[in-house]
Amino acid sequence: MRKPCCEKKKTNKGAWSKPEDEKLTQYIQKHGEGSWRSIPQAAGLHRCGKSCRLRWVNYLRPDLKRGSFGEDEEDLIIKLHALLGNRWSLIAGRLPGRTDNEVKNYWNTHLKRKLIQMGVDPNNHRIGHNFGHTKSFGSRINTNDQPSENSHSDDPLLDSTSEPESNTSCSALPDLNLDLTIGLPISFGY
DNA sequence: AACCCTACCAACCGCAAATCT
DNA sequence: TAGATTTGCGGTTGGTAGGGT
């Protein structure tokens with residue numbers, strides 16, 4: 001049914017070239033974000049809109065921080081992951097200048113391993129040994145068996161009903177401050 | 001110097017939600 | 001209201017840089 005996103009003429013794939021970056025940046029600076037579907041043509045790019053959006057959001061946006069993550073950022077990511085699961089965009093939203101892709105990559109390459117080394121299951125933040133069995137609890141807000149009858153607030157951090165395992169997370173991580181407000185990042189000791 | 005292995009990160013893919021007609 | 005289209009998200013992959021042998 002759905003047409004593939006890049007069904008039309010040949011579109012470039014793979015790494016972006018500098019001229020492509022420049023075209024996209026110039027176009028967005030002039031016209032703003034949005035209408036990703038039409039941007040490639042309007043900007044003279046042989047890319048699909050999806051690819052343009054990704055490139056802009058993850059790499060070209062001027063407010064991106066880039067560079068390595070600080071310890072406070074690490075703590076915050078771990079903490080937010082315990083609360084939200086793999087909802088990378090929400091987690092990234094709490095980290096100014098960071099993208100969901102960046103956070104996700106950092107989690108998968110650094111933090112996951114770090115937690116495992118500490119004896120903490122990165123999937124559910126429990127201290128234990130059976131890693132890898134439990135499914136990550138936060139893949140989507142609304143899973144198939146959970147018709148979202150109770151409307152969530154926009155911010156799941158303020159919506160305790162949206163977190164299916166928040167209680168168990170709390171019990172699993174007694175030293176986590178799981179207040180539903182995220183204040184200054186504190187270092188918490190696993 | 002050449003090869004292999006590992007870690008990292010940019011980008012793609014498929015799906016679901018949101019929006020439009 | 002239903003179907004079509006667009007947007008956004010999370011999982012995964014592929015290229016490559018760097019270190020070890």
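Lettering of chains follows the sequences in order, A, B, ..., and the numbering in each one begins at 1.
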Q. A:Y106: what forms a ring pair (Phe, Tyr, Trp, His ring centres under 6.0 Å) with it, not counting sequence neighbours?
A.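 With neighbours one apart ignored, the set is A:F69, A:H110.
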For this session: Kindly point out which of B:dC12, C:dG11, C:dT12 is positioned nearest to the side chain of A:R47?
Result: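 Shortest atom-to-atom distance from the side chain points to B:dC12.
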Ranking B:dG14, B:dC13, C:dT7 by distance to the side chain of A:K13, first place goes to B:dC13
Enumerate all atom pairs, one protein N or O and one N or O from nucleotides 16-19 of chain C, separated by less than 3.5 Å.
none

Return the set of residues passing side chain to side chain donor-acceptor pair (under 3.5 Å) with [X] (not counting sequence neighbours), or none when no residue passes.
X      : result
A:W56  : A:E33
A:R98  : A:E73, A:E102
A:K112 : none
A:N108 : none

According to a strict under-4.0 Å criterion, is [X] in side-chain N/O contact with OP1 or OP2 of [N]?
X      : N      : result
A:S89  : C:dC9  : yes
A:R53  : B:dA11 : no
A:W88  : C:dG8  : no
A:N108 : C:dG11 : no
A:W16  : B:dA10 : no

Applying the 3.5 Å cut-off to both distances, the Watson-Crick or G-U partner of B:dC20 turns out to be C:dG3
Those residues at least two apart in sequence (or on a different chain) that pass side-chain contact (heavy atoms from CB on, under 4.5 Å) with A:S68 are none
Check nucleotides 19-21 of chain B for protein N or O atoms closer than 3.5 Å to its own N or O atoms and list the pairs.
none

Residue pairs passing the salt bridge (Lys or Arg N to Asp or Glu O under 4.0 Å) test with at least one member in residues 52-62 of chain A, sequence neighbours excluded, are A:D21-A:R55, A:R61-A:D63
Every protein N/O lying under 3.5 Å from an N/O of nucleotides 4-9 of chain B:
residue: B:dC8; atom: OP1; partner: A:H110; partner atom: NE2; Å: 3.0
residue: B:dC8; atom: OP2; partner: A:T109; partner atom: O; Å: 3.1
residue: B:dC8; atom: OP2; partner: A:R113; partner atom: NH2; Å: 3.4

message: If hydrophobic residues (ILVMFWY) are linked whenever their side-chain heavy atoms come closer than 4.5 Å, directly or via other members, who joins A:L64 in its cluster?
response: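 For A:L64, no cluster forms, as it stays isolated from other hydrophobic side chains.
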Review point. Below 3.5 Å, does any donor atom in the side chain of A:N58 face an acceptor in the base of B:dA11, or the other way round?
Key: no
Exercise for the section: Could you list by number each residue of residues 25-32 of chain A showing a heavy-atom separation from DNA chain B of less than 4.0 Å, or answer none if no residue does? Expected result: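 Per residue number, the list is empty: none.
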